[in-house]
Amino acid sequence: MIRLWTYTVLFACLSLIPCAAVASSPRPTVLASCPIIASALRPQVGEFRLLHVCVRSGGRRIVAGWGTGDSLEEAVKSSIRNGLRSEPGAERKEVDAAQVFFVDSSEPVLDISEIRRGVDGFHVSWSDGGEARISPLESIARNESPARALRRLIEEQSHGLQTRATGVQPTIHRLVGRQFHLALREPYAPVALFRGNQIVSVAEVTRERVTELRDGLERWLIANMDDSGRLPYKYWPSSGKYSDANNPIRQWLATLALAESASNEGIVTPEMARLNAAANLKEFFRCEGEFGLIEFQGEVKLGALAVAAMALHHSALEGRYRPQEESIRLAIDSLHQPDGRFTTFFKPRSRSGMENFYPGETLLYWACGLGERSGTQEHERFQRSAEYYMEWHLREENRNPAFVPYHTLAYASAWRLTGSDWFREAIFEINDWLAGLQRIDHAEPDVLGDFYSSDHAEYGPSHTSSTAVYLESLVKALAVARESEDLDWAGRYREAIILALRNLIQLQFADDVDAFYVARQVRVFGALRTSPWDNSLRIDNVAHALLAVSRALEVLGDEDFAETLTEPPSRN
């Protein structure tokens with residue numbers, strides 16, 4: 001019998017196919033695209049030194065090359081002809097899109113960090129006349145860091161360097177310019193790009209746009225779940241390959257996100273959430289006596305136990321896995337110590353660490369049951385652990401933004417049950433500090449709204465999952481501030497939430513433009529890149545974002561979107 005949700009999957013997949021894929025207008029050949037490209041871009045382009053043209057079909061590169069000329073028409077033809085030298089016979093192939101990089105200047109390389117990926121092109125030259133270049137759009141399509149791209153260029157073009165005369169070393173310049181995408185169908189409207197994508201303005205953060213963000217996340221989950229309920233852990237759009245790695249915490253987080261979506265009566269159904277939970281139980285759940293364990297590669301982590309238990313506890317699963325949850329709860333309780341701290345690994349017991357993550361996840365799971373098991377002992381145990389870890393976190397050597405989200409969510413539940421000012425004040429203290437780590441201005445406009453501190457490398461890099469879970473924390477803090485009528489705090493959090501939502505919208509694969517190099521688009525549409533310069537997809541990017549965005553839509557009123565900032569706020 002064919003499951004009902006299979007039809008939903010089919011419908012969701014079809015709805016993700018871009019209009020270009022079903023357009024009936026004829027596509028030009030490689031050579032016939034040259035005058036179209038030149039004519040469409042002429043109004044957009046003034047002076048330029050050099051250009052790179054790449055024409056594609058269904059996301060696959062057909063021909064790419066560098067060229068120049070006295071006119072835009074000559075430069076485009078020169079680029080295509082140079083590209084055809086390495087693709088003989090491709091001139092008659094049909095193409096549906098072009099990407100063009102116009103070089104305005106060449107400057108000595110000062111920075112080849114990750115954040116320059118897709119912004120700068122590079123020119124490598126040798127004193128004996130050899131040279132090679134790479135377009136920033138090619139770096140995006142390859143998902144290749146500047147350092148890796150330069151190594152590849154040097155290796156490919158220098159014949160290993162050993163064949164050159166001793167002492168002949170490459171000189172490297174960055175190529176600064178403008179990027180465009182052009183769909184090769186009428187009305188031939190070019191789109192200006194930054195880092196291979198369109199910049200999302202703060203003013204675009206409307207309820208409708210945020211709803212589209214949430215719906216895309218749900219559709220990705222549906223379209224990428226297999227018949228057994230499993231979801232892919234990681235996918236590389238550039239190579240079209242799935243990773244062999246896995247992570248039970250992040251997989252169970254997806255189960256929780258599915259369950260939350262199912263309870264909100266969206267396109268995710270409870271059956272999908274139950275099927276995914278069953279798949280994760282089959283892959284990760286083990287019993288040792290009375291203890292239920294989430295085991296992977298010989299390790300049992302407190303965080304995996306807590307997130308799995310939270311997911312299984314969710315009402316959308318209708319109590320089907322309550323025995324497994326109860327056995328996991330026993331394992332969690334066995335790791336709690338009298339002073340309030342947790343042993344963070346069940347296996348191996350000798351291992352420790354992850355205090356910024358696992359105890360908060362555990363307190364949130366405990367908070368799920370505080371209202372159901374309202375005994376004094378449970379409340380005292382929760383309070384003791386919360387006070388222990390807040391004291392630990394506020395020591396300068398331990399401060400880390402990763403601590404904030406799950407403690408915020410847990411304390412908010414406890415505050416509503418107990419009315420204790422301690423929980424409310426703790427939420428404000430840690431979230432005001434977190435909001436201060438948000439990037440509110442930067443030379444690269446696509447990073448606006450993420451969380452990164454160049455002074456604290458130990459906090460980790462800019463990452464979609466981090467932005468999403470910090471967003472969830474700030475949404476909860478906003479709800480607490482409004483419920484307690486603390487409007488000063490509420491104003492700070494609303495601003496930070498709008499900027500974080502802008503960042504997530506920026507990172508979503510949403511259309512043919514930002515997926516210009518992706519051949520298997522159903523595997524990426526709706527998902528979020530790991531960063532503006534790293535297009536790899538990970539299950540927790542989607543899960544964290546779906547939880548955060550869904551809650552933002554519940555908490556933010558229409559007036560919050562109507563007051564959307566036109567400029568980033570100042571931190572005064």
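The model shown is predicted, which means the values in this text are computed figures rather than measured ones.
For the atom pair CZ of Arg523 and CD of Gln521, the computed distance is 12.5 Å after rounding to the nearest 0.5 Å. Between the CZ atom in Arg439 and the OG atom in Ser454 there is a gap of 8.0 Å [rounded to 0.5 Å]. Distance check, rounded to the nearest 0.5 Å: CD of Glu218 to OG of Ser261 gives 4.0 Å. The distance from the CG atom of Leu31 to the CG atom of Leu84 is 6.0 Å, given to the nearest 0.5 Å. To the nearest 0.5 Å, the span separating CG on Leu471 from OH on Tyr493 amounts to 14.0 Å. Here the CG-CG distance, from Leu213 to Leu553, works out to 8.0 Å after rounding to the nearest 0.5 Å.
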Between side-chain atoms of residues 537-547 and protein atoms elsewhere (two or more places apart, or another chain), which donor-acceptor pairs fall under 3.5 Å?
{"residue": "Arg538", "atom": "NE", "partner": "Asp540", "partner atom": "OD1", "Å": "2.8"}
{"residue": "Arg538", "atom": "NE", "partner": "Asp540", "partner atom": "OD2", "Å": "3.4"}
{"residue": "Arg538", "atom": "NH2", "partner": "Asp540", "partner atom": "OD2", "Å": "2.8"}
{"residue": "Asp540", "atom": "OD2", "partner": "Arg250", "partner atom": "NE", "Å": "3.4"}
{"residue": "Asp540", "atom": "OD2", "partner": "Ser465", "partner atom": "OG", "Å": "3.0"}
{"residue": "Asn541", "atom": "OD1", "partner": "Ser465", "partner atom": "OG", "Å": "2.7"}
{"residue": "Asn541", "atom": "ND2", "partner": "Leu528", "partner atom": "O", "Å": "3.4"}
{"residue": "Asn541", "atom": "ND2", "partner": "Thr530", "partner atom": "OG1", "Å": "3.3"}

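Taking the ring centroids of Tyr242 and Tyr235, they lie under the 6.0 Å cut-off.
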Would you sort out whether Tyr470 and Phe451 count as a ring-ring contact (aromatic ring centres under 6.0 Å, His included), showing the intermediate values?
CA-CA 8 Å; Tyr470 298 158; Phe451 294 79; 5.2 Å; yes

What verdict does the side-chain hydrogen bond (donor to acceptor under 3.5 Å, both in side chains) test give for Ser201 and Glu204, after you've listed the backbone C-alpha separation in whole Å, the side-chain angles of each residue and the deciding distance to 0.1 Å?
CA-CA 5 Å; Ser201 70; Glu204 292 178 75; 3.2 Å; yes

Do Asn197 and Gln506 pass the side-chain contact (heavy atoms from CB on, under 4.5 Å) test, and can you show the C-alpha distance, the side-chain angles, and the key distance before you say yes or no?
CA-CA 8 Å; Asn197 200 356; Gln506 182 75 61; 3.5 Å; yes

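Classified by interplanar angle (parallel below 30°, tilted 30° to 60°, perpendicular above 60°), the ring pair His123/His173 is tilted. Classified by interplanar angle (parallel below 30°, tilted 30° to 60°, perpendicular above 60°), the ring pair Phe101/Trp66 is perpendicular.
For the residue pair Thr467/Asp450, the side-chain donor-acceptor check at 3.5 Å is not satisfied. Gln251 and Asn246 are linked by a side-chain donor-acceptor pair at a separation below 3.5 angstrom, with hydrogens and angles left out of the test.
Using a 4.0 Å cut-off between a side-chain N of Lys or Arg and a carboxylate O of Asp or Glu, Arg207 and Asp558 qualify as a salt bridge.
Listed for the Ser78 side chain is no donor-acceptor partner under 3.5 Å among the backbone atoms of Gly67.
Take Arg494 and apply the side-chain hydrogen bond (donor to acceptor under 3.5 Å, both in side chains) test, not counting sequence neighbours, and it matches no residue.
Contact check for Arg152 versus Glu144: side-chain heavy atoms found under the 4.5 Å cut-off.
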